[in-house]
Amino acid sequence: MRHRPIPGSSGSVREMSLLGDRLLHAPCEPVTDFGPELHRLVEDMFATMYAADGVGLAANQIGVARRVFVYDCPDDEDVRHLGYVVNPRLVEADGIEVRGAEGCLSLPGLEAPTSRFDRAVVEGVDLSGAPVRVEGTGFFARCLQHECDHLEGLVYVDRVTGWRRSWVRRAIRRAPWGGRADWPHPAPSPNPPGE
């Protein structure tokens with residue numbers, strides 16, 4: 001029997017920010033107020049993620065420039081990982097670098113091969129400010145890196161390189177939402193945290 005509410009069950013679905021929205025392209029601010037507004041934000045983020053059939057969602061994807069993300073994501077062994085992190089920091093990203101299809105709720109209908117490490121560790125806090133540490137491998141590691149990127153003002157297509165970048169540029173222009181997209185941005189440093 002379940003003793004806790006389902007994440008997002010008391011939340012409201014919010015409008016999704018799309019590529020080109022200024023909040024998606026600027027670093028988010030740390031959370032300093034751990035009151036009811038933060039609880040509501042996390043609930044709304046879960047509700048919005050589930051309504052959009054996503055596996056992760058950062059706060060700036062719903063127009064809130066705060067360092068929070070939620071996830072409900074399997075790893076490569078199909079183990080479900082469910083939770084959220086407030087003020088997350090990607091403290092480790094290592095292992096094998098894998099190029100795989102990646103998509104984003106803020107770029108609906110578009111996927112592109114994107115390189116990510118197959119292991120990631122994120123540290124942050126929960127809704128009460130207590131420390132949390134989340135470690136992921138495979139697809140879940142990709143999700144953790146993707147959401148941390150959002151909070152730094154990056155979208156996954158910023159990591160696409162070579163001829164794939166030209167392909168992504170054309171695909172964005174053809175997308176129904178692509179006319180408002182302000183992209184590309186300068187490619188980020190390929191070095192993982194700590195290097």
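What you see is a predicted model; the values in this text were computed from it and never measured. Values below: all heavy atoms of this structure, side chains included; hydrogens, waters and symmetry mates excluded.
Here OG1 of Thr48 is found 6.0 Å from CE of Met16. Values are rounded to the nearest 0.5 Å. Rounded to the nearest 0.5 angstrom, Leu19 CG and Leu110 CG are separated by 9.0 Å. Residue Ile62 holds its CD1 atom at 5.5 Å from CE of Met45, rounded to the nearest 0.5 Å. Note that SG of Cys28 and CG of Asn60 are 3.5 Å apart. Values are rounded to the nearest 0.5 Å. Residue Glu152 holds its CD atom at 4.5 Å from CZ of Arg67, rounded to the nearest 0.5 Å. Interatomic distance, Arg116 CZ to Leu144 CG, rounded to the nearest 0.5 Å: 10.5 Å.
Of the listed residues (Asp72, Leu41, Asp126, Leu57), just one forms a side chain to side chain contact (heavy atoms under 4.5 Å, CB included) with Tyr84, and that residue is Asp126.
Under a hydrophobic clustering in which Ile, Leu, Val, Met, Phe, Trp and Tyr are joined whenever their side-chain heavy atoms come within less than 4.5 Å, directly or via other members, Val79 and Phe140 fall into different clusters. Linking ILVMFWY residues whenever their side-chain heavy atoms come closer than 4.5 Å, directly or via other members, leaves Leu82 and Phe139 in distinct clusters. No single ILVMFWY cluster, assembled from side-chain heavy atoms under 4.5 Å apart, contains both Leu24 and Met49. Leu23 and Leu105 sit in two unconnected hydrophobic clusters of ILVMFWY residues. Membership requires side-chain heavy atoms under 4.5 Å apart, directly or through other members.
A 4.5 Å side-chain heavy-atom check between Arg80 and Val55 finds every atom pair outside the cut-off. Contact of the Leu107 side chain with the Leu18 side chain is not registered, since no non-hydrogen atoms from C-beta on lie closer than 4.5 Å. Side-chain contact between Val122 and Arg89 is absent, with no heavy-atom pair separated by less than 4.5 Å. The shortest distance between side-chain heavy atoms of Arg164 and Arg169 does not fall below 4.5 Å. The shortest distance between side-chain heavy atoms of Thr137 and Asp118 does not fall below 4.5 Å.
Under 4.0 Å is where a charged nitrogen must lie from a carboxylate oxygen, and between Glu29 and Arg66 no such pair does. Classification of Glu102 and Arg142 as a salt-bridged pair holds, one side-chain N sitting under 4.0 Å from a carboxylate O.
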- Message: Set out, in order, the CA-CA distance, both residues' side-chain angles and the distance that settles side-chain contact (heavy atoms from CB on, under 4.5 Å) for Asp44 and Val13, then state yes or no.
- Response: CA-CA 6 Å; Asp44 289 356; Val13 175; over 6 Å; no
- Query: What do the steps show when you test Val121 against Val134 for side-chain contact (heavy atoms from CB on, under 4.5 Å), and what is the final call?
  - Reply: CA-CA 6 Å; Val121 178; Val134 181; over 6 Å; no
- Would you check, one step at a time, whether the test side-chain contact (heavy atoms from CB on, under 4.5 Å) holds for Cys104 with His146? CA-CA 9 Å; Cys104 180; His146 179 109; 3.8 Å; yes
- Task: Apply the test side-chain contact (heavy atoms from CB on, under 4.5 Å) to residues Leu38 and Val31: give CA-CA distance (whole Å), side-chain angles for both, the deciding distance (0.1 Å), then the verdict.
- Result: CA-CA 8 Å; Leu38 178 60; Val31 172; 3.9 Å; yes
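The closest side-chain donor-acceptor pair between Asp75 and His81 falls under 3.5 angstrom. A side-chain donor-acceptor contact under 3.5 Å links Ser106 and Gln61. No side-chain donor from either of Tyr156 and Asp149 sits under 3.5 Å from a side-chain acceptor of the other.
Of all non-hydrogen atoms in His25 and Gly20, the two that sit nearest each other are NE2-N, 3.0 Å. Residues Ser10 and Glu43 share a closest heavy-atom pair of OG-OE1, 2.8 Å. Residues Gly56 and Cys143 approach most closely at CA-SG, 4.3 Å, considering heavy atoms. The two atoms that bring Ala112 and Val168 nearest to each other are CB-CG2, 3.6 Å, heavy atoms only. Closest heavy-atom contact between Phe34 and Leu127: CD2-O, 3.4 Å. The two residues Asp33 and Gly35 make their nearest non-hydrogen contact at OD1-N, 2.9 Å.
When atom types are taken as modelled, the side chain of Glu92 and the backbone of Ala120 share no donor-acceptor pair closer than 3.5 angstrom. In terms of modelled atom types and a separation under 3.5 Å, the side chain of Glu123 and the main chain of Val132 share no donor-acceptor contact. Checking side-chain atoms of Arg165 against main-chain N and O of Val160 turns up a donor-acceptor pair under 3.5 Å.
Note on ring orientation: taking the six-membered ring where Trp is involved, the planes of Tyr71 and Phe69 are tilted (angle from 30° to 60°).
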